Amino acid sequence: MSPIHAYLTFDGNAAEAMRFYEKTLGGTMQMMMTIGEAPDTEQMPADAKKRIMHASLAYGDGMLMASDTMPGQAYEGMKGFGVALTLETVAEARRVFDAFAEDGTVSMPFEKTFWVEGFGMVTDRFGTPWLINGGKPLV
């Protein structure tokens, strides 16, 4: 059975977001293809060709994938979900949380909880909501 992977949609800043995630998480970008690199896109406006058609970032046993909205498609933002991330140490979880919190919005500060040594909720500057666990489970 295949693991479940998150697929995020951005509004023109998918490349910037995915490069930030690659650097922050230490993953490996598997693919980043613009609309302009796809076949039969000669008629598209130049600004549309720069948008990301598909990007995939390998991280541990998982994959974080993304694209920009397609030309003419309304962007409604990210809502109704969160990307859960579990890191081995509290220090690593805190580092990632702080990186995502920079210019983002913290909805639950990173702190010890009854289920894990460290947990926090943050929406990063790209609009992606994260639920970050770190350290040993306490239950």
Side-chain angles (χ1 to χ4, degrees):
M1 180 181 289
S2 174
I4 295 172
H5 303 297
Y7 200 108
L8 307 174
T9 303
F10 297 90
D11 192 27
N13 59 350
E16 180 185 1
M18 292 299 282
R19 290 289 180 207
F20 173 70
Y21 301 150
E22 178 183 39
K23 180 182 174 188
T24 302
L25 298 174
T28 303
M29 195 68 64
Q30 301 291 302
M31 177 184 186
M32 187 168 314
M33 180 182 191
T34 65
I35 292 173
E37 294 170 318
D40 302 321
T41 58
E42 298 83 22
Q43 302 301 320
M44 289 202 148
D47 60 332
K49 290 181 181 182
K50 296 176 185 175
R51 297 173 85 80
I52 298 300
M53 177 176 269
H54 178 74
S56 57
L57 174 67
Y59 176 75
D61 293 333
M63 183 78 61
L64 182 63
M65 296 177 282
S67 66
D68 284 313
T69 53
M70 295 298 112
Q73 182 182 24
Y75 182 70
E76 298 179 15
M78 295 189 209
K79 55 187 172 189
F81 76 98
V83 180
L85 183 61
T86 301
L87 297 145
E88 286 189 29
T89 68
V90 173
E92 180 66 0
R94 166 62 80 180
R95 182 192 66 76
V96 170
F97 180 89
D98 289 346
F100 289 165
E102 188 174 328
D103 297 324
T105 303
V106 173
S107 52
M108 181 176 175
F110 190 85
E111 57 191 27
K112 184 176 180 177
T113 67
F114 67 88
W115 68 87
V116 71
E117 290 181 297
F119 175 80
M121 295 174 21
V122 60
T123 299
D124 68 30
R125 68 179 182 252
F126 302 104
T128 305
W130 295 90
L131 296 87
I132 301 175
N133 288 281
K136 297 176 184 169
L138 301 178
V139 289

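Only heavy atoms go into these numbers, but all of them, side chains included; no hydrogens, no water, no symmetry mates. Remember, it's a predicted structure, so these values are computed and weren't measured experimentally.
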Assess whether atom CG of L138 is packed by more than 12 heavy atoms of other residues, nucleotides or ligands within 6.0 Å. yes
Output for pair (D124 CG, F20 CZ), nearest 0.5 Å, gives 6.5 Å
Distance from F97 atom CZ to M108 atom CE, nearest 0.5 Å? 9.0 Å
Do V96 and V90 belong to the same hydrophobic cluster, where Ile, Leu, Val, Met, Phe, Trp and Tyr are linked whenever their side-chain heavy atoms lie under 4.5 Å apart, directly or via other members? yes
Going through the checks in order, is the side-chain hydrogen bond (donor to acceptor under 3.5 Å, both in side chains) test met by H5 and Y59? CA-CA 11 Å; H5 303 297; Y59 176 75; over 6 Å; no
Donor-acceptor pair, E102 side chain versus A99 backbone, under 3.5 Å? no
side-chain contact (heavy atoms from CB on, under 4.5 Å) filter on F81, not counting sequence neighbours, yields L8, M78, V83, P129
Got a second to check how far T24's OG1 is from D98's CG, nearest 0.5 Å? 11.0 Å
I want to check something: taking the side chain as every heavy atom from C-beta on, are R95 and F100 in contact at a cut-off of under 4.5 Å? no
Nearest 0.5 Å, what's the CG-CZ distance between L57 and R19? 9.0 Å
Can you tell me how far the CD atom of E92 sits from the CD1 atom of I132, to the nearest 0.5 Å? 10.0 Å
Angle between ring planes, Y21 versus F10, binned at 30° and 60°: parallel, tilted or perpendicular? tilted
Tightest non-hydrogen contact, residues V106 and A101, listed as CG2-CB, 3.8 Å
Treating R94 as the side-chain partner and E111 as the backbone partner, does any N or O pair qualify as donor plus acceptor under 3.5 Å? no
Does any part of the side chain of M18, heavy atoms only, come nearer than 4.5 Å to the side chain of M32, both counted from C-beta? yes
Within the 4.5 Å heavy-atom criterion, are L25 and L85 side-chain neighbours or not? yes
Begin from the C-alpha positions of T34 and K50 and carry the test side-chain contact (heavy atoms from CB on, under 4.5 Å) through to its verdict. CA-CA 6 Å; T34 65; K50 296 176 185 175; 5.7 Å; no
Check whether any side-chain N or O of E22 sits under 3.5 Å from a backbone N or O of T28 as a donor-acceptor pair, and report yes or no. no
May I ask you to test the W130-M121 pair for a side-chain heavy-atom distance under 4.5 Å? no
Please determine whether residues I4 and Y7 belong to a single hydrophobic cluster, defined as Ile, Leu, Val, Met, Phe, Trp and Tyr linked transitively by side-chain heavy-atom distances below 4.5 Å. no
What's the spacing between E117 CD and L87 CG if we round to 0.5 Å? 12.5 Å
Atom of F110, atom of A93 and distance for their closest heavy-atom approach: CZ-CB, 3.6 Å
For residues 62-75, which side-chain donor-acceptor pairs fall under 3.5 Å, sequence neighbours excluded?
from : atom 1 : to  : atom 2 : distance (Å)
D68  : OD1    : G12 : N      : 2.8
D68  : OD1    : N13 : N      : 3.1
D68  : OD1    : A14 : N      : 3.0
D68  : OD2    : I52 : N      : 2.8
T69  : OG1    : D11 : OD1    : 3.1
T69  : OG1    : R51 : NH2    : 2.7
Q73  : OE1    : M70 : N      : 2.9
Y75  : OH     : T9  : O      : 3.2

